[in-house]
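Here is the naming used below: chain letters follow the sequence lines, and residue numbers restart at 1 for every chain. Every heavy atom of this structure was used, including side-chain atoms; hydrogens, water molecules and symmetry mates were not.
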Number of protein chains: 2
Amino acid sequence: MENERYESAIRLLALLAHPARLRILDILRRGEACVCHLQAALEVPQPYVSQQLRVLREAGLISQRREGLFIYYRLADERVAHLLAEVLGPATVEAPIPHCACPRCQETHLSQSFCLVEVN
Amino acid sequence: MENERYESAIRLLALLAHPARLRILDILRRGEACVCHLQAALEVPQPYVSQQLRVLREAGLISQRREGLFIYYRLADERVAHLLAEVLGPATVEAPIPHCACPRCQETHLSQSFCLVEVN
DNA sequence: ATACTGTATGCAACTCATTGCATATAGCGA
DNA sequence: TCGCTATATGCAATGAGTTGCATACAGTAT
């Protein structure tokens, strides 16, 4: 079928055309993030985040990696980064997220503090 | 609001994530086309085509031009061509459309016949 | 005027994704 | 083993877009 090209494109576009999923992908294009991180950024219930992550995962757009209790997600489809750049512009620097408890965020907060100290 | 960027992107993506609209835009990126032309290509009722054209028009993605009874539509937003190239690949040559009655199609059919004659 | 053709509009019915929430699972530490 | 935290799943209710169809409008020609 020739119109498989259309169907495939539509599946991809429809996945991006969603507030929560678009924000998730926008965060992930800056690098890995755990669920609690995404939850803190979106300010929505955790099951809701997991639900959208499942949709994106089953579509092959993201992949996951477990590290203890935490599961880190990342982009798995390079088309996504291109599309995001097209519709959102280049990736922006991560805005500070109100209290995310994951170890990675703790590190970031620490290193940021250190940076400030060093510069001063 | 910062998330106006997201909303605007979502509106655009959602407009493309639709079988009829995506095909219409894919045809229009090859150049102008009248409604009867699109109708013949999609093989759907004419009111259905006009309806989707209205959606695209009100979103500013396409513009129109009247010529007698015929109304020719064309892309009006250059982001669309970029996005289509991203998700569909480069524009393909127009496949022959089963009997479209508009003058432009008649011309095309004629010139194609002439071409064949010349080559032979 | 009238008839005809190309295109647009309005609206109801239906479909399907979205969302909320209760609950289940997985790993870790005591 | 038990409790705790991070994450996942299932399912029902809601809601928004899609689709079909009857009809209206706009040019053109006779």
Could you tell me how far apart [X] ([atom1]) and [N] ([atom2]) are, to the nearest whole angstrom?
| X | N | atom1 | atom2 | answer |
| --- | --- | --- | --- | --- |
| B:Ile24 | C:dA8 | CD1 | C1' | 14 Å |
| B:Leu42 | D:dT18 | CG | C1' | 15 Å |
| A:Arg66 | D:dT5 | CZ | P | 16 Å |
| B:Ile71 | D:dG27 | CD1 | C1' | 10 Å |
| A:Gln52 | D:dT9 | CD | C1' | 14 Å |
| B:Leu53 | D:dT18 | CG | P | 14 Å |
| B:Gln46 | D:dA26 | CD | C1' | 13 Å |
| A:Leu15 | C:dT18 | CG | C1' | 13 Å |

Going through the distances and angles, do B:Leu84 and B:Leu22 end up as a side chain to side chain contact (heavy atoms under 4.5 Å, CB included)? CA-CA 8 Å; B:Leu84 290 179; B:Leu22 186 60; 3.5 Å; yes

Ignoring backbone atoms, establish whether [X] has a side-chain N or O less than 4.0 Å from OP1 or OP2 of [N].
| X | N | answer |
| --- | --- | --- |
| A:Gln64 | D:dA8 | yes |
| A:Arg21 | C:dT18 | yes |
| B:His18 | D:dT19 | yes |
| B:Gln51 | C:dC11 | no |
| A:Arg57 | D:dT7 | no |
| B:Tyr48 | D:dG20 | no |

Residue met sooner reading DNA chain C from 5', once A:Leu69 and A:Val55 are mapped to nucleotides: A:Val55

Given DNA chain C, 5'-ward residue of the pair A:Glu67 and B:Glu58, judged by closest heavy atom: B:Glu58

Please walk me through it: do B:Ile71 and B:Leu53 pass side chain to side chain contact (heavy atoms under 4.5 Å, CB included)? CA-CA 11 Å; B:Ile71 298 189; B:Leu53 286 173; over 6 Å; no

Flag side-chain contact, heavy atom, 4.5 Å: A:Ile24 against A:Tyr73: no

Which nucleotide in the set [options] lies at the smallest distance from any side-chain heavy atom of [X]?
| X | options | value |
| --- | --- | --- |
| B:Arg54 | C:dG10, D:dT19, C:dT7 | C:dG10 |
| A:Cys34 | D:dT7, C:dT7, C:dA8 | D:dT7 |
| A:Pro47 | C:dT19, C:dC21, C:dC28 | C:dC21 |

Applying the side chain to side chain donor-acceptor pair (under 3.5 Å) criterion to A:Glu32, which one of A:His37, A:Arg65, A:Gln64 satisfies it?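 By the side chain to side chain donor-acceptor pair (under 3.5 Å) criterion, A:Glu32 pairs with just one of A:His37, A:Arg65, A:Gln64: A:Arg65.
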
Is B:Glu4 salt-bridged to B:Arg11, cutoff N-O under 4.0 Å? yes

Base, sugar-phosphate or nothing for B:Tyr72? Non-hydrogen atoms, less than 4.0 Å.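 No contact at all - B:Tyr72 keeps every heavy atom at 4.0 Å or more from the nucleic acid.
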
